[in-house]
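Values below: all heavy atoms of this structure, side chains included; hydrogens, waters and symmetry mates excluded.
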Amino acid sequence: MFSKYIWLLPLFVSILLYSNNYLNDITFNFMNKWLNITKTIYSNLDRKLNIKPNLDINQKIFTSSELKKYTNLENGLYISILGHVFDVTKGAKHYGPGATYHAFTGRDASLAFITGEFNDNNLIDDISSLSIQQVKALNDWVQFYNKNYIYKGKLNGKYYNEDGSPTKEFYNVQKILIEAKEKQFEEVHKKQMFPPCNIEWKPDSGTVVWCTKKSGGIERNWIGVPRMLFESPNSKEYRCACVKLDSKEYKEFKGMLRDYPQCPKSSIKCAVKTKN
């Protein structure tokens with residue numbers, strides 16, 4: 001009975017092989033897409049965290065005692081900031097013995113870059129007392145040194161392990177930097193929604209706020225009316241913002257906006273009474 005259908009065997013084998021190739025193509029395409037997605041995710045994560053891969057396997061990892069040797073012109077002048085070590089010898093007039101910033105050499109004095117206090121309580125690597133914006137300002141210093149001085153390696157300690165891998169504190173700093181960028185983006189977006197007012201103060205007439213199509217340096221096709229914009233409904237701090245009353249943004253953030261006293265609701269210009 002089997003011999004009756006033997007002629008179907010080549011056809012069956014062809015179908016099987018075709019199906020196998022088809023499945024292989026599907027599998028390959030799926031794996032290829034998945035790998036691309038995975039690469040994109042990790043690439044975006046590294047970019048977001050501002051993490052640069054260490055491509056130099058011979059990069060030096062300094063110990064604290066080694067770094068202390070670089071405080072003179074003979075050995076060189078090295079500083080560390082957030083665990084990054086830089087050769088600042090070419091800036092000897094600033095960092096050399098007796099110079100203003102000599103205290104930075106031979107150590108990680110990250111905190112002092114922000115506080116400006118060159119004493120034992122501030123010439124340290126612990127920046128836990130800094131605000132989000134101050135940590136961002138400190139990272140700006142890292143970028144400054146990367147651009148203007150010679151990068152020499154990493155310091156084993158608070159931000160890097162002895163093998164050069166990042167510590168938990170390194171990632172904590174990166175999280176703060178992400179938060180700072182998010183806040184900056186949020187602030188820019190808020191200024192787009194509610195542009196700052198034009199403000200003028202005169203001794204005889206006091207403070208006047210008003211809106212134009214380019215107030216706050218933000219161009220738009222509407223003028224708006226001046227309102228007090230608070231950081232939150234319970235906040236006491238505010239700034240003058242130009243508001244488009246028929247916009248969805250106004251309806252969404254109405255709880256953070258207040259009218260200026262004795263100023264007509266539809267007026268584009270208001271005289272503001274300030275406390276003496």
Does CD in Glu252 sit with more than 12 non-hydrogen atoms of other residues, nucleotides or ligands closer than 6.0 Å? yes
Under 3.5 Å donor-acceptor, Tyr151 side chain and Asp87 backbone: no
Aromatic ring pairing Tyr101/Tyr95, orientation class (parallel under 30°, perpendicular over 60°, tilted between): tilted
With sequence neighbours excluded, what pairs up with Glu66 under the salt bridge (Lys or Arg N to Asp or Glu O under 4.0 Å) test? Lys60
Is the distance between the ring centroids of Phe86 and Tyr145 under 6.0 Å? yes
Donor-acceptor pair, side chain of Lys269 and main chain of Pro226, under 3.5 angstrom: no
NZ or CZ of Arg258 within 45° of Phe230 ring axis and under 6.0 Å: yes
Flag the pair Asp259 and Lys265 as a salt bridge only when some basic side-chain nitrogen lies within less than 4.0 angstrom of an acidic carboxylate oxygen. yes
Taking the six-membered ring for Trp, is the centroid-to-centroid distance between Tyr160 and His84 below 6.0 Å? yes
Can you tell me if Thr71 and Arg107 form a side-chain donor-acceptor pair at under 3.5 Å? no
Could you check, using the six-membered ring where one of them is a Trp, whether Phe104 and Phe113 have ring centers closer than 6.0 angstrom? yes
Is there a donor-acceptor contact under 3.5 Å from the side chain of Thr207 to the main chain of Trp201? no
Remaining members of Tyr78's ILVMFWY cluster at a side-chain heavy-atom cut-off under 4.5 Å? Phe62, Leu67, Tyr70, Val85, Leu155
Within the distance-only criterion (no hydrogens, no angle test), does the side chain of Tyr171 pair as donor or acceptor with the backbone N or O of Val173 below 3.5 angstrom? no
SG to SG below 2.5 angstrom is the rule I want applied to Cys211 and Cys197. Does it hold? no
Any side-chain heavy atom of His94 sitting closer than 4.5 Å to one from Thr100? no
Going by distance alone, is a donor N or O of one side chain under 3.5 Å from an acceptor N or O of the other, for Thr115 and Asn122? yes
